[in-house]
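Note sheet for the following structure.
All heavy atoms count here, side chains included; hydrogens, waters and symmetry mates do not. A note on names: the letters A, B, ... follow the listed sequences, proteins ahead of strands, and every chain is numbered from 1.
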Amino acid sequence: MAYNHHEIEKKWQERWETSGVFQAKDQSNKPKFYGLIEFPYPSGAGLHIGHPRSNTAMDIIVRKRRMQGFNVLYPIGWDAFGLPTENYAIKTGRKPEEVTRENIDTFRRQLKSLGFSFDWSREVSTTDPEYYKWTQWMFLEFFKAGLAYKAKMPINWCLSCKIGLANEEVVDGMCERCGGATEKREKEQWMIAITKYADRLLEDLETVNYLEKIKIQQRNWIGRSEGVNWKQKIKDLDIVLEAYDSVPQTFMAQTFAVIAPEHPLLKTIVAGTPNEKEVMEYARQITQKKAGKGFEVDKEVDGIFTGRYLDNPFGTGDLPIWVASFVVMDYGTGFVNCSAHDERDFDFAKKYNIPLRPVMFPVDAVEAEKVKNLEVCYHHDPEAIMQAPAPFVGRKWGEVREEIISYVVEQGFGERAVNYKLRDWVFSRQRYWGEPIPLVSCEKCGWVPLPDNQLPLILPDVEKYEPTDTGESPLAAMTDWVNTTCPTCAGPAKRETDTMPNWAGSSWYFLRYIDPHNNDAFALKEKLSYWMPVDWYNGGMEHTTLHLLYSRFWNKFLFDRGYVTTSEPYAKRTSHGLILASDGTKMSKSKGNVVNPDEVVSQYGADAVRLYQMFMGPFAEPVPWSVNGLIGMRRFLDKVTALPQLIKADESVEVTRCLHQTIKKVSDDIENMRFNTAVSQMMIFVNTAKEYGSITKDSFKTFLYLLCPFAPHLANELQEGLGEEGMLEEKTWPEFDAALAKEEMVEIGVQVSGKVRGTITLSPETQEADALELANANANIARHLEGKEVVKVIYVAGKILNIVVK
RNA sequence: GCCGAUGUGGCGGAACUGGUAUACGCGCGCGACUCAAAAUCGCGUGGGGAAACUCAUGUGGGUUCGACUCCCACCAUCGGCACCA
């Protein structure tokens with residue numbers, strides 16, 4: 001029975017709004033529940049159909065929590081600084097704040113049209129000065145703690161965006177945002193020392209309930225590695241170079257060393273050697289080549305001998321130092337000792353005829369011979385037998401690591417060292433549409449933070465939003481703004497013209513939701529203490545290594561400064577799968593396969609869209625969009641609408657049983673984010689009620705409670721239609737009765753020697769002998785047993801009967 | 001190359017702890033209603049076979065009375081990382 005979704009959606013959305021039923025209370029006798037979804041970036045394209053997948057899922061969870069008696073915080077806001085808006089503003093000559101406001105209005109309207117139970121009174125936007133005041137304040141906290149520093153360093157430079165990019169923002173040498181080419185450039189950048197927190201970010205993963213794959217990705221990204229830093233002098237020079245080695249077991253095999261072409265000491269090292277010019281020219285070329293796009297590391301293993309040697313303290317001969325293309329400057333020390341037991345080193349040595357000297361061999365004699373003859377590179381085999389150094393001869397490679405490290409440290413060859421793949425956070429952007437960095441540069445005092453009473457430092461109006469050709473932000477062209485006085489000495493000073501990255505505002509937004517209108521603090525500590533940590537945070541896998549890591553770090557820092565009360569911000573983190581286009585590819589504007597949420601909501605109703613988002617497939621998996629699937633959900637809701645016609649004083653026991661099974665399944669499935677099977681169980685219930693032709697008012701009411709988190713508009717409308725007082729949002733989540741849910745009779749398969757030959761219907765309490773009797777009464781089963789000797793009977797009550805014959 | 005995930009009808013997918021594989025939805029077929037169509041409702045629907053039965057959960061092995069589920073080897077697709085010594 002078709003219902004008018006336009007009317008009822010409008011009606012209930014208004015009622016939710018005027019009643020304030022979704023507004024979280026900062027004090028309550030109820031237990032608290034803080035449910036969070038990633039706040040969207042309000043792009044000009046409007047809400048993506050993928051957004052509601054995460055939002056609906058968390059909406060269902062928090063709606064259930066409210067009905068379970070929790071004081072729920074489910075907030076929403078906007079991550080509204082950033083490049084797409086700025087680029088759009090440049091193109092159209094409009095102000096970014098104006099464009100942002102419009103985009104937010106669109107997003108707000110679209111989210112409201114889906115009936116999410118957000119507490120709109122706590123809405124925040126990172127672009128609001130009242131918000132970014134605190135982002136700036138927090139940056140200054142980093143600065144004051146010595147964690148924000150300016151460093152001249154090679155950065156990734158996007159040629160078309162004209163900004164410096166974090167390593168994380170470069171994908172395959174291309175800019176993550178615009179897809180354009182990047183190159184390396186030296187630039188003074190504000191950095192934040194996230195690496196100081198690397199160990200804690202790693203260790204504290206043990207204390208949180210994140211999906212295992214999220215933890216694994218974070219661990220890999222942090223990339224902690226333990227090993228040894230060799231200390232070694234360059235022959236004829238007064239230079240000691242360290243080389244990091246995470247596989248120090250085979251140090252006796254080292255026969256040469258390599259240095260990164262961009263190594264700052266290279267010039268000094270080759271000075272005065274016969275081939276000085278040649279080497280430097282080679283290093284210059286290869287540095288350029290490495291920075292350019294399309295440099296394929298494995299195809300271009302190149303190098304040149306520097307003419308210098310390393311004094312080898314191990315007594316195995318001096319090591320020639322080569323410049324090699326494959327050495328990474330920003331990991332370890334940019335200088336590496338090489339041996340036969342590393343594939344790159346092995347290939348490099350073969351190419352340039354550098355001697356190799358293996359020191360461990362396979363047990364198998366034939367294989368060992370190959371290693372001896374340098375036919376293969378042998379490495380990372382726990383069973384390998386060591387041949388050097390003397391104290392370890394005959395031992396297994398897989399067992400000596402710790403002992404060898406202790407040994408080399410005692411011998412004074414080097415020291416224990418730890419390295420991370422994680423790099424410090426490049427915090428500067430040479431762009432307009434971001435938080436201004438609230439520091440001034442004074443000739444006398446250096447970098448000086450603005451005092452609190454000068455925050456927020458408002459982003460000034462500029463004429464043009466294009467970055468300057470020098471790579472500075474548009475703010476640099478505003479001399480009135482740039483020239484200021486030093487807060488410390490009142491002398492002339494200049495403002496920092498770089499702005500902050502998006503990741504800044506999004507690193508702490510979950511804290512602002514807790515006290516969004518506070519002018520004296522980013523949030524009152526008592527309130528933080530009440531609400532934190534976030535109980536359940538759902539978001540995309542694409543944010544695992546950036547946003548999720550940055551915000552954990554940010555929160556830990558605030559925790560160390562005493563501003564927040566939990567060391568970890570999120571108790572639980574889950575992840576949703578992408579919604580793909582109907583052809584199974586990613587939705588994109590250029591392909592024209594994007595689904596417009598406004599259209600489908602208008603045509604099929606918000607409830608059908610919500611339901612379909614949950615039904616379409618396993619929540620964590622990517623699933624293609626299908627209009628037909630959506631239509632099916634609408635049909636189901638129409639069927640539900642017709643159900644009141646079946647209301648009678650009594651219902652058959654099957655309907656009652658199915659209801660309680662449904663209560664159980666829906667309750668459990670929501671907790672485990674198995675929304676697809678929860679929906680299918682509700683369909684089964686409706687089918688059952690129709691099949692038996694009757695349902696009591698109470699049962700129908702209970703069903704509406706279960707349906708409400710998924711399809712809140714219709715559920716409320718139908719509940720009201722029953723003459724019930726109050727909104728479903730104020731009702732109590734139903735309890736399931738195990739006795740009522742239990743099946744009296746079940747049909748089980750009967751196997752003869754493992755093959756199903758028939759079924760029997762019996763009570764789960766039936767004894768084996770009675771079950772066998774029933775089985776024998778089945779003609780087909782009896783036929784298969786005839787004349788056979790029964791060897792064994794397996795009877796699992798309520799599940800299976802298997803009669804094994806010879 | 002490394003890490004992670006996935007592979008089941010025509011399609012999206014379900015299957016608890018190893019116990020009747022294909023729930024639920026879509027699509028399709030037939031029927032009812034209709035002048036007709038749409039919508040709706042009813043019935044049917046993995047392949048082969050009249051049936052008994054048989055073949056089917058990416059491929060090949062194994063464990064088991066019994067395997068989508070556990071073990072070994074491999075293939076394919078997707079996502080992430082990628083000269084990290």
Side-chain angles (χ1 to χ4, degrees), chain A residues 1-2 171-172 211-214 216-217 219-221 223 225 227 243-248 257-258 260 290 295-298 300-301 324-328 330-333 335-339 341-345 347-348 379 419-423 541-542 544-545 577-578 580 582 584 611-612 615-618 620-633 635-636 638-639 642 665 668 674 676-684 686-687 690 746-760 780 783-784 791-796 798-805:
Chain A
M1 201 165 76
V171 177
D172 294 330
L211 287 183
E212 194 53 34
K213 63 176 175 180
I214 295 175
I216 289 168
Q217 264 194 36
R219 283 191 201 111
N220 290 345
W221 190 263
S225 141
Y244 178 69
D245 191 349
S246 71
V247 197
V258 288
K290 274 174 91 170
F295 179 77
E296 285 190 58
V297 293
D298 31 344
E300 305 182 50
V301 176
S325 60
F326 63 83
V327 187
V328 194
D330 56 356
Y331 182 80
T333 60
F335 187 77
V336 184
N337 286 10
C338 300
S339 79
H341 299 299
D342 178 282
E343 279 190 313
R344 291 154 307 178
D345 301 352
D347 292 344
F348 189 80
H379 60 104
N419 262 293
Y420 302 90
K421 289 187 192 173
L422 184 71
R423 311 293 149 92
M541 280 308 287
E542 71 275 20
T544 301
T545 50
L578 287 177
L580 307 172
S582 48
L611 210 56
Y612 177 58
F615 182 72
M616 60 197 301
E621 306 292 326
V623 196
W625 181 266
S626 147
V627 183
N628 281 334
L630 177 58
I631 292 170
M633 296 307 108
R635 270 183 214 153
F636 165 67
D638 286 339
K639 276 195 217 174
K665 180 122 184 82
D668 292 351
R674 293 155 55 119
N676 52 336
T677 50
V679 174
S680 98
Q681 180 62 37
M682 288 193 280
M683 291 173 171
I684 289 171
V686 171
N687 292 345
K690 285 183 67 168
V746 290
E747 191 187 50
I748 67 169
V750 178
Q751 300 178 338
V752 178
S753 295
K755 284 197 189 296
V756 180
R757 299 299 178 186
T759 61
I760 53 177
N780 197 42
R783 196 170 60 77
H784 279 94
V791 182
K792 196 174 174 185
V793 174
I794 290 118
Y795 176 60
V796 183
K799 303 268 189 195
I800 197 81
L801 174 64
N802 187 6
I803 304 161
V804 185
V805 296

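Heavy atoms of A:Val750 sit nowhere under 4.0 angstrom from any nucleic acid atom. Counting any heavy atom pair closer than 4.0 Å across all strands shown, A:Asp345 reaches no nucleic acid atom. Counting non-hydrogen atoms under 4.0 angstrom, A:Val336 reaches a base of the nucleic acid. Among the atoms of the strands shown, only primed sugar atoms or phosphate atoms (P, OP1, OP2) are found under 4.0 Å from some heavy atom of A:Gly632. Counting non-hydrogen atoms under 4.0 angstrom, A:Val328 reaches a base of the nucleic acid. Residue-level contact check: A:Glu747 touches the bases, meaning some heavy atom is under 4.0 Å from a base atom. Residue contacts for A:His784: at a heavy-atom cut-off of 4.0 Å it reaches the sugar-phosphate backbone alone, with no base atom in range. If you check every strand for non-hydrogen atoms under 4.0 Å, A:Met682 touches nothing. As judged by a 4.0 angstrom heavy-atom cut-off over every strand, A:Ile684 is placed among residues touching the sugar-phosphate backbone only. A:Asn676 comes within contact range of the sugar-phosphate backbone alone, with a heavy-atom separation under 4.0 Å but no base atom that close. Residue A:Ser626 is classed as having no contact, given no heavy-atom separation below 4.0 Å to the nucleic acid.
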Scan nucleotides 75-78 of chain B against the protein and return all N/O pairs shorter than 3.5 Å with their distances rounded to 0.1 Å.
none

Contact string for nucleotides 40-45 of chain B, one letter per nucleotide 5' to 3', B = base within protein heavy-atom range under 4.0 Å, S = sugar-phosphate only, - = neither, reads SS----
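Although no hydrogens or angles enter the test, the distance criterion places a donor-acceptor pair under 3.5 Å between the side chain of A:Tyr612 and the main chain of A:Ser626. In this structure, the side chain of A:Ser246 does not engage the main chain of A:Gly227 through any donor-acceptor pair within 3.5 Å.
Contact between the side-chain N/O atoms of A:Arg674 and the OP1/OP2 oxygens of B:A15 is found at a separation under 4.0 Å. Remark: A:Asn687 is in phosphate contact with B:G25, judged by side-chain N or O atoms under 4.0 Å from OP1 or OP2. Between A:Tyr331 and B:A85 there is a side-chain polar atom (N or O) within less than 4.0 angstrom of OP1 or OP2. The side chain of A:Ser225 places an N or O atom within less than 4.0 Å of a non-bridging phosphate oxygen (OP1 or OP2) of B:A85. Distances shorter than 4.0 Å separate some side-chain N or O of A:Asn780 from OP1 or OP2 on B:C53.
For A:Ile800, whose side chain is taken as the heavy atoms from C-beta onward, the closest listed nucleotide among B:U20, B:U54, B:A5 is B:U20. Nearest to the side chain of A:Trp221, among B:C81, B:C83, B:G66, sits B:C81. Checked against B:G12, B:C3, B:C65, the side chain of A:Phe615 finds its nearest nucleotide in B:G12.
Rounding to the nearest 0.5 Å places CG of A:Asn676 at 10.0 Å from CD of A:Glu621. For the atom pair A:Glu343 CD and A:Asp347 CG, the distance stands at 7.0 Å (nearest 0.5 Å).
Regarding A:Asn802, its CG atom lies at a distance of 8 Å from the P atom of B:G66, rounded to whole Å. We find that NZ of A:Lys213 is positioned 12 Å from P of B:G80, with the value rounded to whole Å. The CZ atom of A:Arg219 sits 19 Å away from the C1' atom of B:C84 (whole-angstrom rounding). Residue A:Lys755 contributes atom NZ, which lies 12 Å from atom C1' of B:A56 at whole-angstrom precision.
B:G46 adopts an anti glycosidic conformation, its chi angle falling more than 90° from 0.
With a 4.5 Å cut-off on side-chain heavy atoms, A:Asp342 and A:Val247 do not count as touching.
Across A:His379 and A:His341, no two heavy atoms sit closer than the pair CB-O, 3.3 Å.
Of the options A:Gln751, A:Lys792, A:Lys755, a side chain to side chain donor-acceptor pair (under 3.5 Å) to A:Asn802 is made by A:Gln751 and by none of the others.
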